[in-house]
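First comes the structure, then the notes that go with it.
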There are 2 protein chains.
Amino acid sequence: MSGPTAYERHDHHRCIDDALLAARRICKSKGARLTELRERVLTKVWQSHRPLGAYAILEMLAKEGLGHPAPPTVYRALDFLQELGLVHRLSSLNAYIGCDDPGKPHDCQFLICRQCQVTVEVAAAEVSKALSRCAEKRDFSIDHSNVEIVGYCPNCRDHTQ
Amino acid sequence: MSGPTAYERHDHHRCIDDALLAARRICKSKGARLTELRERVLTKVWQSHRPLGAYAILEMLAKEGLGHPAPPTVYRALDFLQELGLVHRLSSLNAYIGCDDPGKPHDCQFLICRQCQVTVEVAAAEVSKALSRCAEKRDFSIDHSNVEIVGYCPNCRDHTQ
DNA sequence: GAAAAAATTGCAATATTATAACATTTTTAT
DNA sequence: ATAAAAATGTTATAATATTGCAATTTTTTC
């Protein structure tokens, strides 16, 4: 049996609030509109540190009782949030997660736990450099990279392996 | 306008033949059965150095006139080939590509051209090491990684940028 | 070599993820 | 106030993937 994760113990309201504040600041500075819907979607994405599928978000919105949005509504909000760097898409999971360091575009990597799904975003300079050198060596010019590392987080590794 | 890629110029029958030979060898050594269907799917995957979607493979099989397989047929063959390390799935494209170095499981990375879709598999030790260190530093135990680098290949970079 | 077991394939239905096209509403700019 | 632009609503559908069960083929066991 697995004990509570670091993310279950910590003050998670803080994460959500911080994410919303950052989002408002970034939208303001870029002249983008963080509408109520977009804010609601961002809040859902931040309900946990686990990647969330678009249809899961859709259900959560529906349960709030403010009307039953259709898929395009959620996908459009997610597209908007991604373009502003407020959420990331994890393509191996078809799911979305809040960005830990929004604002400036950045190269990052994800550590995804197979057991509890908790996903951590990291920006390891060593990895970025290795990717750049690898590409350069092959005359490949990088636009962006998608690095998803799957395994067991410290909590699950200790309790289940 | 883009000129022919390295992969359009090279002797591609060689790639397909090599892939089939390797596949037969590996299946034999592992006691797995490379059936006709699986061989046909592997051949399709190797028709180019571009990742191919499951439904594209399905169409190609149908056009051969040996019956109209349904999706599970292709997905099952792809699952089999993946388990043996003969093909990789590129999750950001929902597509499959032949493995350049099948047999032993290996950490690898993909360089995906946005322009021509040609995708190169590399096994950069520097990247693998950086990922390991990054994970270790965070007490994360890696099961596998998915590294997709998107950008422009040498050919497209020269002709279109 | 025949029967049983296991693996593979066929097939129909359906689940899941994502987008297209167009109407309506809301917000912003003139 | 009006026109233009942006955002959202709505319906339908596309694209990707899986489930469950039947039929067939291959392998194993006796």
Side-chain angles (χ1 to χ4, degrees), chain A residues 23-24 27-45 50-62 64-84 86-97 117 146 148, chain B residues 23-24 27-45 50-62 64-84 86-97 117 146 148:
Chain A
R24 287 187 195 123
C27 284
K28 196 160 194 176
S29 83
K30 297 197 182 173
R33 289 173 48 204
L34 189 62
T35 62
E36 195 200 318
L37 175 70
R38 288 165 176 170
E39 213 173 288
R40 283 170 69 207
V41 169
L42 184 59
T43 304
K44 298 310 165 215
V45 166
R50 296 172 171 87
L52 212 54
Y55 279 78
I57 295 169
L58 201 56
E59 269 189 47
M60 295 169 88
L61 290 177
E64 291 189 328
L66 308 169
H68 272 242
T73 301
V74 168
Y75 280 104
R76 282 189 293 226
L78 287 169
D79 287 347
F80 170 87
L81 296 169
Q82 275 180 93
E83 264 159 41
L84 281 161
L86 297 168
V87 310
H88 296 290
R89 178 171 192 272
L90 295 171
S91 64
S92 71
L93 301 174
N94 297 323
Y96 303 82
I97 192 163
Q117 285 79 56
N146 186 256
E148 303 179 26
Chain B
R24 286 185 196 123
C27 284
K28 195 161 195 176
S29 83
K30 297 198 183 174
R33 289 171 52 203
L34 189 62
T35 62
E36 195 200 320
L37 175 70
R38 289 164 176 172
E39 212 172 290
R40 283 169 68 208
V41 169
L42 184 60
T43 305
K44 298 310 166 216
V45 165
R50 296 172 172 86
L52 213 54
Y55 280 78
I57 294 169
L58 200 58
E59 270 189 47
M60 295 169 87
L61 291 178
E64 290 188 329
L66 309 170
H68 273 243
T73 301
V74 168
Y75 280 104
R76 281 187 295 226
L78 287 170
D79 286 348
F80 171 88
L81 296 169
Q82 277 180 91
E83 262 160 42
L84 281 160
L86 296 168
V87 310
H88 295 291
R89 177 170 194 272
L90 295 171
S91 63
S92 71
L93 300 174
N94 297 324
Y96 304 81
I97 193 162
Q117 286 79 57
N146 188 260
E148 304 180 25

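In what follows, every chain begins at residue 1, and chains take the letters A, B, ... in the order their sequences are listed.
- The nucleotide whose nearest atom lies closest to any side-chain atom of A:Y55 is, among C:dA20, C:dT9, C:dT17, C:dT17.
- Distance, A:Y75 OH to C:dT17 P: 7 Å, rounded to whole Å.
- A:D79 has its CG atom 16 Å from the P atom of C:dT17, to the nearest Å.
- Atom-to-atom, CD of A:E59 to C1' of C:dT16 comes out at 12 Å; the value is rounded to the nearest Å.
- Of the possible donor and acceptor atoms, none in the side chain of A:R24 sits under 3.5 Å from a partner among the backbone N and O of A:L34.
- Minimum atom distance to the side chain of A:P71 is reached by C:dT19, of the listed C:dA12, C:dT19, C:dT9.
- Note: CG (A:L52) to C1' (C:dT16) measures 15 Å, nearest angstrom.
- At whole-Å resolution of the value, CG in B:L37 and P in C:dA7 are 18 Å apart.
- Side-chain contact between B:L78 and B:I57: present, with at least one pair of heavy atoms (C-beta onward) separated by less than 4.5 Å.
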Item to check | Base versus backbone protein contacts along nucleotides 22-30 of chain C [heavy-atom cut-off under 4.0 Å; B, S, -] | outcome: -----S---
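- Chain B approaches DNA chain D over the interval D:dT16 to D:dT26, counting the first and last nucleotide 5' to 3' with an atom under 4.0 Å from its heavy atoms.
- In this structure, A:A54 and B:T73 both approach DNA chain C, and ranking their closest nucleotides by distance from the 5' end singles out B:T73.
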